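The structure under discussion appears below in the form of structure tokens.
Quick note: residue numbers are just sequence positions, from 1. Note that the structure is predicted; figures quoted are calculated from it, not measured.
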Amino acid sequence: SRHETPDIPSQPPPCPEKQVVQRQLASIIQTCGASSYSFTDEVMCAICLGRYTLQESLRLLPCKHAFHQKCIDAWLLSKDMTVHCPVCKCSIVDGLRLLDKHGYNEILNSLNQDPVPDVPVKPAASAILYINYLQNGLARASAAAFNSTLGRWRRQRANWRAHSCYTTESAERSVRYLQQLQARYDLARELCLKDPVCPASTDARQHFRPTAQDIFANTEVQLSKVRTYGLDLDYTLASYTEKLPETIYTMIRDVLVNSMLYPPALKALKYDSSFAIRGISYDRETGWLFKLDSNYNIAMDTIHYGREPLRDLEDVFALHGGPHLAPDYVKNHLYQLNDMYSVPEATLLADIIQYFSDNDISFHPRYLAEDIRAAGEYIHRGDGVSASPLHATIMNNIGDYLNRAPELLHILESLKREGKRLFLLTNSGYKYVDTVLSYMFNTSDWRDVFDVAIVSARKPGWYLSHRPFRLVPTRSGARASSVQPWELVDRFEDGQVYSGGNLASFTSITGYADRSVLYIGDHVYSDLRDPTIQKGWFTGAIVSELKHELSVGQSAEYLRYVRYIQLIEKTLKLSQQETRSQSFMQLTAGDKESYRLMLEAGRVERRRMRWKLRDLYNPHFGSVFRTSKNASLFSTKVQAYSNIYTADLANLGAYPSDYVFYPKRKTQAHECLIPDVDDLLGQILK
């Protein structure tokens with residue numbers, strides 16, 4: 001089978017590219033990479049975390065990142081050396097190839113030459129440029145490209161005139177192209193990064209500015225046609241405090257140590273809420289944690305082994321031939337971490353792998369994942385008879401884990417007064433549901449709100465199973481003293497609670513069908529997928545991360561970065577189109593290459609700004625909804641399986657029962673640009 005795990009040799013064969021770097025790095029990097037400067041963006045060495053001092057001599061890699069000389073030398077020349085930058089993971093080998101491609105030896109020699117009198121910059125500027133724009137970002141890189149090319153043109157002017165293909169007009173055209181692209185880059189930076197104040201938005205943009213209290217639409221939904229609302233409990237009706245993921249982490253960790261023979265030292269591990277996000281994937285063959293985009297491509301800047309970024313990205317290409325994962329590999333080897341409960345599990349996976357790696361403990365990533373999943377199932381479900389360990393902990397300290405939410409009760413009662421039908425569908429057991437809702441609603445009569453209450457449903461299997469419903473003994477109701485849990489249930493009575501069942505029986509008994517039902521939950525697969533596919537229900541997703549995502553997405557720093565990236569992309573697109581013109585074709589090969597290097601400077605700057613965007617959301621995995629290039633796989637599933645989504649169920653109370661949700665029109669690549677409708681709407685509002 002192509003998915004069988006290959007035998008892993010005890011000592012991997014030496015990587016040819018690493019050998020190349022090992023032989024050349026000492027001379028190449030030390031000779032052309034040492035530079036004293038005070039204009040680096042970073043203020044400290046990313047390896048030792050020591051702060052730089054003014055005019056300190058630093059070591060520069062081909063990607064322009066700087067480090068203390070002793071720190072980066074130890075990193076690059078160690079026994080377990082890597083061929084990638086510690087910060088950006090850019091390949092040093094690719095940088096060296098770029099140097100060789102553009103005459104590395106000539107550049108090295110120019111470092112020690114005296115400057116030519118009529119050249120406006122030192123020849124070292126060419127070296128700095130060709131070492132992949134080592135110094136001050138895009139502005140200095142593009143300036144070096146232009147000045148270097150201009151100097152070379154001046155030096156060789158006499159020789160060019162001897163060739164029949166040379167004309168003054170062609171030389172001036174070359175300089176004009178470089179000047180134009182240089183001006184575009186400078187203006188883009190000036191407009192987007194140096195101005196601390198963003199352009200004022202129109203009245204329409206302010207009016208429709210998204211907030212965490214909004215409900216967002218993936219498809220058109222008319223609430224007037226929704227007659228029945230279904231609700232999940234955990235992270236939908238019940239919104240938990242930050243203490244719950246920490247408790248889940250601690251309880252799973254202790255089960256591993258106490259019951260599954262894991263090292264007692266693991267009990268020293270503490271939960272870090274800033275590490276993992278929902279929607280990442282765990283590779284059960286490699287032990288990597290990473291984020292996938294909508295096309296099943298790995299976001300290469302998010303790959304972690306343990307708590308550290310993957311050092312050698314060549315391993316990804318060796319295993320998969322590139323960042324793309326085949327569907328079979330995703331199905332058979334990836335563990336999707338798609339709900340809020342999986343976030344502490346992902347953090348524990350990373351922490352244990354880091355501990356094993358630091359202590360040279362051999363393990364298989366699949367067994368580790370299976371053990372953590374089994375421990376997680378145990379603390380959630382227990383023995384199936386009494387309350388689970390996690391639920392017992394929450395019920396005994398409910399004020400630490402839940403906030404009262406009487407406003408939700410008012411919203412549900414308002415829907416009932418409007419003639420809407422309500423049902424509860426949750427995997428939690430009755431005792432836990434009763435305790436949670438009684439506390440949240442501040443009343444024990446919560447059953448009166450729901451027309452039907454289903455507990456212990458076992459979603460997602462509930463949607464396709466054939467299990468019958470069972471009546472649950474409760475503390476109230478006409479049949480409370482004579483409940484027979486084994487009897488046939490063929491109708492639902494008011495005020496009663498039922499367990500198990502299946503979707504087909506549910507719709508047969510209630511008559512709730514098709515597009516008159518809106519079911520709201522937090523889990524893409526357990527709550528949203530099958531109702532949409534099997535019965536065509538409307539579905540709503542609760543994505544609590546929207547609060548953080550919107551906060552970041554509306555910050556001045558984020559808006560500056562996004563505008564700058566988009567402007568750089570449009571500049572690159574326009575400038576690339578100009579390379580197809582007849583006048584550009586008449587340039588010399590050297591001038592064409594200089595122009596293409598300036599284009600590459602723009603691409604480097606674009607990539608650097610994307611990393612900054614990622615770090616605004618989460619320094620390890622970025623945004624829940626995006627990768628650097630596309631929507632995340634999690635975001636794609638939310639769009640596919642939910643008609644609407646919001647950060648909090650309470651937001652539903654702000655919308656009248658006849659409200660219509662309209663999705664945002666998405667422009668495809670081949671379609672013409674549409675005029676800014678917000679500006680036109682602003683005129684209408686005025």
Please determine whether salt bridge (charged side-chain N to carboxylate O under 4.0 Å, His left out) holds for the pair Arg373 and Glu377, giving the CA-CA distance in whole Å, both sets of side-chain angles, and the decisive distance to 0.1 Å. CA-CA 6 Å; Arg373 188 85 286 274; Glu377 290 290 331; 2.5 Å; yes
Look only at the side chain of Ser575 and the backbone of Leu572, and say whether a donor-acceptor pair between them is shorter than 3.5 Å. no
For [X] and [Y], take the angle between the two ring planes, folded into 0 to 90°, and tell me which bin it lands in: parallel under 30, tilted 30 to 60, perpendicular over 60.
X	Y	result
Phe363	Phe356	tilted
Tyr249	Tyr271	tilted
His320	Trp288	perpendicular
His304	Phe275	perpendicular

Strictly below 4.0 Å, N to O, side chains only: are Arg610 and Asp301 in salt-bridge contact? no
Looking only at side chains, do [X] and [Y] share a donor and an acceptor under 3.5 Å apart?
X	Y	result
Asp272	Thr347	no
Asp234	Tyr341	yes
Glu557	Tyr561	yes
Ser294	Asn630	no

Is Leu633 close to Gln336 at the side-chain level, that is, under 4.5 Å between some pair of heavy atoms? yes
Is Tyr519 close to Phe538 at the side-chain level, that is, under 4.5 Å between some pair of heavy atoms? no
Tell me, yes or no, whether the heavy-atom count around Gln577 atom CD, taken from other residues, nucleotides or ligands under 6.0 Å, exceeds 12. yes
What heavy-atom pair brings His364 and Arg284 nearest, and what distance separates the two atoms? CE1-O, 3.6 Å
Where is the tightest heavy-atom contact between Ser342 and Asn338, given as atom of each residue plus distance? OG-N, 3.5 Å
